[in-house]
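Below, chains carry the letters A, B, ... as their sequence lines are ordered, and counting in each starts from 1.
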Amino acid sequence: MTVRTRFAPSPTGFLHIGGARTALFNYLFARRHGGKFILRIEDTDRERSTPEAIEAIIQALTWLELDWDEGPFFQTARYDAYKENIQKLLAAGKAFPCVCAPEELDAKRQLALKEKRKPAYDGTCRPKDGKIASIPQGKPYTIRFLSPRDGTTVVDDTVKGRVVFDNRELDDLILARSDGTPTYNFCVVVDDIDMKITHIIRGDDHLSNTPRQILLYQALGHTPPEFAHVPLILGLDKARLSKRHGATSATAYRDMGYFPEALANYLVRLGWAHGDQEIFSRAELIEKFSLEAVGKSAGVFNPEKLLWLNSHYLKTRPLSRLADEIVPFIKAKGYPAPQDHAWLERMAATLRERAKTLTELVEQAHFYLSDEISLDEKAAKKFLTPDIREPLAELADGLAALSEFSEGGVEQAFTAILQRRELPLGKLAQPVRVALTGSTTSPGIYEVIAVLGKERTLRRLKSALERIQTSQV
RNA sequence: GUCCCCGUCGUCUAGCCUGGCCCAGGACACCGGCCUUUCACGCCGGCGACACGGGUUCAAAUCCCGUCGGGGACGCCA
């Protein structure tokens, strides 16, 4: 039997973090077992489904490199299949029409809740004594599943273990709305049967749906697949992750300068572990992922750790790739995109250990990307002082005379002056740093100078010198 | 309210199934130190948890029961 998993989002919004992890687990499990990973769009709720959401979900999956083998399939294109199966159930006396009005049902539900009872369908339209109910004429009706009133339904869940539900807890769920369109729990089962899904891996908020679905499988004459309900992702307040916890869409992280590898690595470790290992390549994940190692308890989303993983990927990324990846962020900040790829690489190399995201890296690259450096006045006051004017001027001359404008050459120029004047490096480096970058913190001063190049370095030193001159008078 | 799930450092987790190797290991964050031209990186060290109460046992984070706490489901949403 070849493994077939599926990710089945409803396109009512972007792909959120929890969905991304579910997709990842399904993907990994399928790949691990040489199976197929299927994408299905559950768009039966026509009110809330949008083409934009579909696009956003596909984009997010693509960004995360969770490529699917079949689909996307759309439930709205499969109405015939659902209708056919409803007819089958109706004919077999396993479903029945219900003429209860939504308002009635709602009132009963409210009352039950108020009286602290479990709100459930009271069976008003349930056919008595095993008769096959006839279709009501001239009245709107829904089709309900005739759910057994006794016995138990067992879910043998790969992560949660054996969970037993009393069938009395399950009411006669609606399979088709009064407009004839099928509902979620029914479509899912029909689809998973037709698409030959062998393993359903999804959030554990679906665990309580599972006994109904198992009952539907049985009614339709099929064996249920394996179920694996993975715990939910919580916010810092332990409530289910939602908008108020900040960025929750997968692509929001892309836009904030995170790498897909980092997000995937973070997400997979939330609820799953392989010993003490923290960093996983995609290949390792495929090799090592297993549902048995997925934990049972919900996990809190920790942005700090994601950031740490991202910085890891930032530090270890091939430079030429990094250079490509920062370009969109440079443009987004409104800088002209540098054409010299090699230069971009050198620039990124000096910054990558100081930034945790691409956004941060580009922010710190301001003095490379623009000649209008923002001078920190406090720093200027402290370091661009008259006593440094001479060494600074001398350094400018030394750098101007350099035939090879490399890090090594720059260092020699510095050392020569420092030795002659018996100055510690910091005494000269800080003023130079302020002159070139506008701030007291930056990458190593030799790297900065080498990357900036002779012309821009000299120009900035010159204007610093001028500033010292004028403030003297 | 009813049903279901869950409960190891602040957070993610290893260990739990197959009790002793665990006065509980790793990671993020935090604190201190080292490295150092600044800031980072890196390295070293520190802080810090078996929810609680009973039981079983020579021995319990690990097995059993209860309590408490958190989450989820209860839609003509998915």
Watson-Crick/G-U partner (both atom distances under 3.5 Å) of [N]:
N	value
B/rC63	B/rG55
B/rA27	B/rU11
B/rG69	B/rC6

Worksheet item: If you pin A/E42 and A/L232 to their nearest nucleotides in RNA chain B, which one's is more 5'?
Response: A/L232
Fill in: Contact nearer the 5' end of RNA chain B, comparing A/G161 with A/T181
A/G161
Worksheet entry | side chain to side chain donor-acceptor pair (under 3.5 Å) between A/T357 and A/Y253, intermediate numbers included | CA-CA 10 Å; A/T357 65; A/Y253 286 91; over 6 Å; no
For [X] and [N], give me the distance from atom [atom1] to atom [atom2], rounded to whole Å.
X	N	atom1	atom2	answer
A/D157	B/rG72	CG	P	18 Å
A/L207	B/rC3	CG	C1'	11 Å
A/D276	B/rG25	CG	P	11 Å
A/R144	B/rG75	CZ	C1'	10 Å
A/D205	B/rC74	CG	P	9 Å
A/R162	B/rC4	CZ	P	14 Å

Practice prompt. For the residue pair A/F25 and A/F289, categorise the inter-ring angle as parallel (less than 30°), tilted (30 to 60°) or perpendicular (more than 60°).
Written response: tilted
Worksheet item: Parallel, tilted or perpendicular for A/W308 and A/H312, by the 30°/60° rule?
Response: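 Ring orientation of A/W308 relative to A/H312: tilted.
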Discussion item. Please determine whether a side-chain nitrogen or oxygen atom of A/K296 lies at a distance below 4.0 Å from atom OP1 or OP2 of B/rC5.
Written reply: no
Worksheet entry | A/R109 side chain near B/rC76 phosphate (N/O to OP1/OP2, under 4.0 Å) | yes
Worksheet item: Under the salt bridge (charged side-chain N to carboxylate O under 4.0 Å, His left out) criterion, do A/K288 and A/E284 qualify, and how do the steps go?
Response: CA-CA 6 Å; A/K288 292 172 173 166; A/E284 281 176 303; 3.7 Å; yes
Practice prompt. Quick one, give me the B/S/- string for nucleotides 31-45 of chain B, reading 5' to 3', where B means a protein heavy atom under 4.0 Å from the base and S means that only happens at the primed atoms, P, OP1 or OP2.
Written response: ------BBBBSS---
Under 4.0 Å between any heavy atoms, over every strand shown, what does [X] touch: base, sugar-phosphate, or nothing? Just pick one.
X	result
A/N209	base
A/H206	base
A/E169	sugar-phosphate
A/A273	sugar-phosphate
A/T44	sugar-phosphate

Between the base of [N] and the side chain of [X], is there a donor-acceptor distance below 3.5 Å?
X	N	result
A/D204	B/rG72	no
A/S208	B/rC74	no
A/E278	B/rG26	yes

From C-beta outward on [X], which listed nucleotide comes closest to its side chain: [options]?
X	options	answer
A/L105	B/rU13, B/rC76, B/rA27	B/rC76
A/E304	B/rC28, B/rG1, B/rC76	B/rC28
A/N302	B/rA73, B/rC76, B/rU11	B/rU11
A/T142	B/rC76, B/rA73, B/rC3	B/rC76

Worksheet entry | Rounded distance in Å between the C1' positions of B/rG20 and B/rU62 |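 Each nucleotide's C1' atom is 11 Å from the other's.
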Worksheet item: Looking only at atom C1', what distance separates B/rC34 and B/rC16, rounded to whole Å?
Response: 39 Å
Worksheet item: Can a salt bridge be assigned to the pair A/R321 and A/E261 using a cut-off of 4.0 Å between side-chain N and carboxylate O?
Response: yes
Worksheet item: Salt-bridged, A/D80 to A/K83, with N to O below 4.0 Å?
Response: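 Between A/K83 and A/D80 there is no salt bridge, as every charged N stays at least 4.0 Å from the carboxylate O atoms.
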Worksheet item: Can the ring centroids of A/F73 and A/W68 be said to lie less than 6.0 angstrom from one another?
Response: no
Worksheet item: Would you find a donor on one side and an acceptor on the other, under 3.5 Å apart, between the side chain of A/Y266 and the backbone of A/N302?
Response: yes
Fill in: Heavy-atom closest contact (A/L428 atom, A/P391 atom, distance)
CD1-CB, 4.1 Å
